[in-house]
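Notes for the one structure printed next.
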Amino acid sequence: MNDGLFTANNVWMMMCTALVFFMHLGFSFLEIGLTRQKNTINILFKNLFIICAGLLLYYIGGFNLMYPGDFNGFLGFAGFGIEAPANGMTADYAPSGGYTYWTDFLFQGMFAATAATIVSGAVAERIKIGGFMIFTVIYVGLIYPIVGSWQWGGGFLSTLGNEVNAAGELIKEAGFHDFAGSTLVHSVGGWAALVAVYLLGPRIGKFDENGETFAIPGHNIPIATAGVLILWLGWFGFNGGSVLSADPEGTSLVLVTTSLAAAAGGIAAFLFSFILYKNLDLTMFLNGILGGLVGITAGADLMSPNEAIIIGALAGILVVGAVALIDKIKLDDPVGAIAVHLICGVWGTLAVGFFGTKAGGSQILYQLAGIVIIGIFCSLTSFLILIALKKTVGIRVSREEELEGLDLHEHGMDAYPDFRLNQH
């Protein structure tokens with residue numbers, strides 16, 4: 001084993017783990033910035049719960065459920081708790097100067113909570129926190145690792161279309177491709193967000209009795225902007241770490257395609273929004289950047305810089321159109337999570353079939369198959385979880401609680417006490 005390469009890989013993966021962890025601050029800032037100040041504590045509480053519970057759940061069972069080798073998502077669960085190999089090494093981790101078992105667990109664990117964070121933004125300002133926490137435990141602890149195992153755990157999506165000879169030897173490698181999770185992370189969260197928004201209904205005041213849409217402005221756009229810049233920084237770890245090594249060629253290309261897609265997404269979104277609405281909308285700019293990031297995530301390792309710009313720009317245009325469509329069909333997504341994570345996640349996954357080194361008709365079909373299978377599974381499971389919660393403990397706060405704010409009623413706290421009138 002090359003000790004220098006082994007150390008470099010581990011250090012790089014640990015740095016990327018820290019960057020992905022830092023993304024949770026970005027998500028928190030984005031969500032509180034685009035919503036009203038009376039719900040700030042509630043959103044911060046949910047985001048802290050997601051990362052803490054998500055990491056523990058991934059330790060208890062998620063990691064084994066997701067990475068048992070040939071596990072296909074339904075049979076062969078490897079058991080509870082991660083085992084402790086000597087010095088973090090096993091036969092699977094030692095070859096080729098890779099990285100330790102512990103490094104792998106922690107990096108993958110940072111991904112696990114992201115799916116529920118996406119849902120958090122979409123359901124902000126009107127969901128009961130108890131119901132949300134139960135949903136998070138089930139979705140992050142069970143649904144996310146099952147879907148991940150189908151591709152990243154060596155399941156059926158990763159071998160879709162492979163050809164073997166009579167001796168069982170691989171002669172053609174094909175399959176669904178999702179480098180860092182346009183579908184496996186972002187669309188997994190996006191499908192659940194779509195179902196949750198539908199079952200919850202819109203916030204009070206979002207639509208009137210005639211169906212007219214009213215904007216409910218966020219209370220701190222500078223904080224939302226800081227959140228997006230933090231997320232962009234974190235994406236260097238999200239995509240860069242998904243190379244799973246410190247290989248200079250692979251990581252540098254991924255970081256370039258990631259950044260170019262983000263920049264193109266932002267520019268395309270604000271320009272398209274200006275053409276439609278004749279104003280320079282900062283929130284569209286922000287979500288365009290995120291759309292570009294989500295869009296490139298599936299194929300960041302396969303694309304040229306020019307292709308990354310095209311993918312990001314189309315993602316930015318899609319964000320603007322999707323936000324308008326979501327309002328038109330009377331769904332209320334306060335932060336644009338469905339447009340960014342679901343719509344751009346689907347687009348980015350499909351883009352692998354149209355651009356890059358795997359482009360071709362067969363690859364488009366493999367990508368479509370993955371999108372449809374995962375979409376159906378996530379939609380059904382999230383619907384079953386949420387409808388069960390709705391019929392039992394309930395998922396929507398009362399009208400009084402929503403109007404006065406979840407901070408007061410769910411937490412008995414105020415994020416900005418000095419701003420409240422009649423202080424004594």
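Computation of the quantities below employed the complete heavy-atom set of this structure, encompassing side-chain atoms and omitting hydrogens, waters and symmetry-equivalent molecules. Each residue takes its place number in the sequence, starting with 1.
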Note to self: Using 0.5 Å steps for rounding, measure from the CG atom of Leu229 to the CD1 atom of Ile289.
What the structure shows: 6.5 Å

Check: Where is the tightest heavy-atom contact between Ile118 and Ala337, given as atom of each residue plus distance?
Finding: O-CB, 3.6 Å

Check: Backbone N or O of Glu212 within a donor-acceptor pair of the Asn210 side chain at under 3.5 Å?
Finding: no

Item checked: Side chain proximity check, Tyr366 to Val352, heavy atoms < 4.5 angstrom -> no

Without placing hydrogens or testing angles, list every side-chain donor-acceptor pair under 3.5 Å for residues 133-147, not counting sequence neighbours.
| unit_1 | atom_1 | unit_2 | atom_2 | d |
| --- | --- | --- | --- | --- |
| Thr136 | OG1 | Phe132 | O | 3.0 |
| Tyr139 | OH | Val188 | O | 2.7 |

Check: Just by distance, do the side chain of Gln363 and the backbone of Gly175 share a donor-acceptor pair under 3.5 Å?
Finding: yes

Check: If you measure from CG on Leu350 to CD1 on Ile311, what distance do you get to the nearest 0.5 Å?
Finding: 11.0 Å

Next item on the list: Would you list the pairs meeting side-chain hydrogen bond (donor to acceptor under 3.5 Å, both in side chains) in which at least one residue belongs to residues 321-336, sequence neighbours left out?
Entry: Arg203-Asp332

Notebook entry, point to check: Got a sec, which residues hit side-chain hydrogen bond (donor to acceptor under 3.5 Å, both in side chains) with Asn39, two or more places apart in sequence or on another chain?
Noted result: Glu125

Checklist line | Derivation of the side chain to side chain contact (heavy atoms under 4.5 Å, CB included) call for Val397 and His409 | finding: CA-CA 9 Å; Val397 298; His409 286 275; over 6 Å; no

Check: Who pairs with Ser252 by side-chain hydrogen bond (donor to acceptor under 3.5 Å, both in side chains), at least two apart in sequence or on another chain?
Finding: none

Margin query: Any non-hydrogen side-chain atom of Leu253 less than 4.5 Å from a side-chain atom of Val243?
Written below: no

Checklist line | Trace of the side chain to side chain contact (heavy atoms under 4.5 Å, CB included) decision for Thr225 with Leu30 | finding: CA-CA 7 Å; Thr225 303; Leu30 178 64; over 6 Å; no

Check: Who pairs with Ser398 by side-chain hydrogen bond (donor to acceptor under 3.5 Å, both in side chains), at least two apart in sequence or on another chain?
Finding: Glu401

Next item on the list: Hey, can you tell me if Tyr58 and Phe63 have their rings parallel, tilted or perpendicular (30° and 60° cut-offs)?
Entry: tilted

Checklist line | Residue pair Pro305 / Leu260: nearest heavy atoms and the distance that separates them | finding: CB-CD1, 3.5 Å

Notebook entry, point to check: At their closest point, which heavy atom of Ser158 faces which heavy atom of Gly155, and how far apart are they?
Noted result: OG-O, 2.6 Å

Notebook entry, point to check: Of all heavy-atom pairs between Gly189 and Val119, which one has the smallest distance, and what is that distance?
Noted result: O-CG2, 3.6 Å

Note to self: I'd like to know if the side chain of His219 reaches the main chain of Thr35, judged simply by a donor and an acceptor atom lying under 3.5 Å from each other, with no hydrogens or angles considered.
What the structure shows: yes

Item checked: Those residues that, when tested against Asn47, pass side-chain hydrogen bond (donor to acceptor under 3.5 Å, both in side chains) (two or more places apart) -> Glu31

Note to self: Enumerate the ring pair (Phe, Tyr, Trp, His ring centres under 6.0 Å) contacts for residues 10-52, please, sequence neighbours excluded, ordered by first and then second residue.
What the structure shows: Phe45-His411

Checklist line | Listed once per pair and sorted, the side-chain hydrogen bond (donor to acceptor under 3.5 Å, both in side chains) pairs that draw on residues 282-291, sequence neighbours left out | finding: Asp281-Thr283

Notebook entry, point to check: Rounded to the nearest 0.5 Å, what separation is found between the CZ atom of Phe105 and the CE atom of Met66?
Noted result: 12.0 Å

Note to self: Suppose we screen for side-chain contact (heavy atoms from CB on, under 4.5 Å). Which residues come up paired with Ala315, at least two apart in sequence or across chains?
What the structure shows: Cys344, Trp347

Checklist line | Side chains of Leu406 and Lys38 in contact at under 4.5 Å (non-hydrogen atoms) | finding: no

Notebook entry, point to check: Would you find a donor on one side and an acceptor on the other, under 3.5 Å apart, between the side chain of Asn220 and the backbone of Ile32?
Noted result: no

Next item on the list: Measure the OG-CG distance between Ser245 and Leu5 for me, rounded to the nearest 0.5 Å.
Entry: 7.5 Å

Notebook entry, point to check: Looking only at atom types and distance, does a side-chain atom of Asp407 sit under 3.5 Å from a main-chain N or O of Asn42, one as donor and one as acceptor?
Noted result: yes

Notebook entry, point to check: Is there any ring pair (Phe, Tyr, Trp, His ring centres under 6.0 Å) pair reaching into residues 249-270, and which pairs are they, with sequence neighbours excluded?
Noted result: Phe270-Phe285

Check: Distance-only, no hydrogens or angles: does the Thr117 side chain make a donor-acceptor pair with backbone N or O of Ala113 under 3.5 Å?
Finding: yes

Checklist line | Sole residue of Thr357, Thr183, Thr349, Asp301 in side chain to side chain donor-acceptor pair (under 3.5 Å) with His177 | finding: Asp301

Note to self: Set out, in order, the CA-CA distance, both residues' side-chain angles and the distance that settles side chain to side chain contact (heavy atoms under 4.5 Å, CB included) for Val319 and Ile343, then state yes or no.
What the structure shows: CA-CA 7 Å; Val319 164; Ile343 303 302; over 6 Å; no

Please list, one pair per line, the donor and acceptor atoms closer than 3.5 Å that link side chains of residues 230-242 to other protein atoms, with sequence neighbours excluded.
| unit_1 | atom_1 | unit_2 | atom_2 | d |
| --- | --- | --- | --- | --- |
| Trp235 | NE1 | Thr297 | OG1 | 2.9 |
| Asn239 | ND2 | Thr258 | OG1 | 2.9 |
| Ser242 | OG | Phe238 | O | 2.7 |

Margin query: Are the side chains of Phe355 and Leu302 in contact, using a 4.5 Å heavy-atom criterion?
Written below: no

Notebook entry, point to check: If you round to the nearest 0.5 Å, how far is CD1 of Ile309 from CD1 of Ile296?
Noted result: 10.0 Å

Next item on the list: Write down the atom of Thr392, the atom of Ala388, and the distance for their closest heavy-atom approach.
Entry: OG1-O, 2.6 Å

Checklist line | Contact list for residues 264-275, test side-chain hydrogen bond (donor to acceptor under 3.5 Å, both in side chains), sequence neighbours left out | finding: none

Note to self: Let me confirm one number: the CG-CG distance from Leu408 to Leu403, rounded to the nearest 0.5 Å.
What the structure shows: 12.0 Å

Checklist line | Atom of Pro334, atom of Ala122 and distance for their closest heavy-atom approach | finding: CD-O, 3.1 Å

Item checked: Working for side chain to side chain contact (heavy atoms under 4.5 Å, CB included), residues Ser187 and Ile374 -> CA-CA 8 Å; Ser187 289; Ile374 291 170; 5.7 Å; no

Next item on the list: Could you tell me whether a side-chain N or O of Ser379 sits under 3.5 Å from a main-chain N or O of Ile376, the two making a donor and an acceptor?
Entry: no

Next item on the list: Verify, without hydrogens or angle tests, whether Thr381 (side chain) and Cys378 (backbone) share a donor-acceptor contact under 3.5 angstrom.
Entry: yes

Note to self: So does Val294 get a backbone contact from the side chain of Ser182, meaning a donor-acceptor N/O pair under 3.5 Å?
What the structure shows: yes

Note to self: If you define the side chain from C-beta out and look only at heavy atoms, does anything of Met110 sit under 4.5 Å from Leu55?
What the structure shows: yes

Notebook entry, point to check: Do Trp150 and Phe176 have their ring centres less than 6.0 Å from each other?
Noted result: no

Checklist line | Validation row: Ile310, Leu314 side chains within 4.5 angstrom (heavy atoms) | finding: yes

Next item on the list: Using modelled atom types only, decide if a donor and an acceptor are shared between the side chain of Glu402 and the backbone of Arg126 within a distance under 3.5 Å.
Entry: no

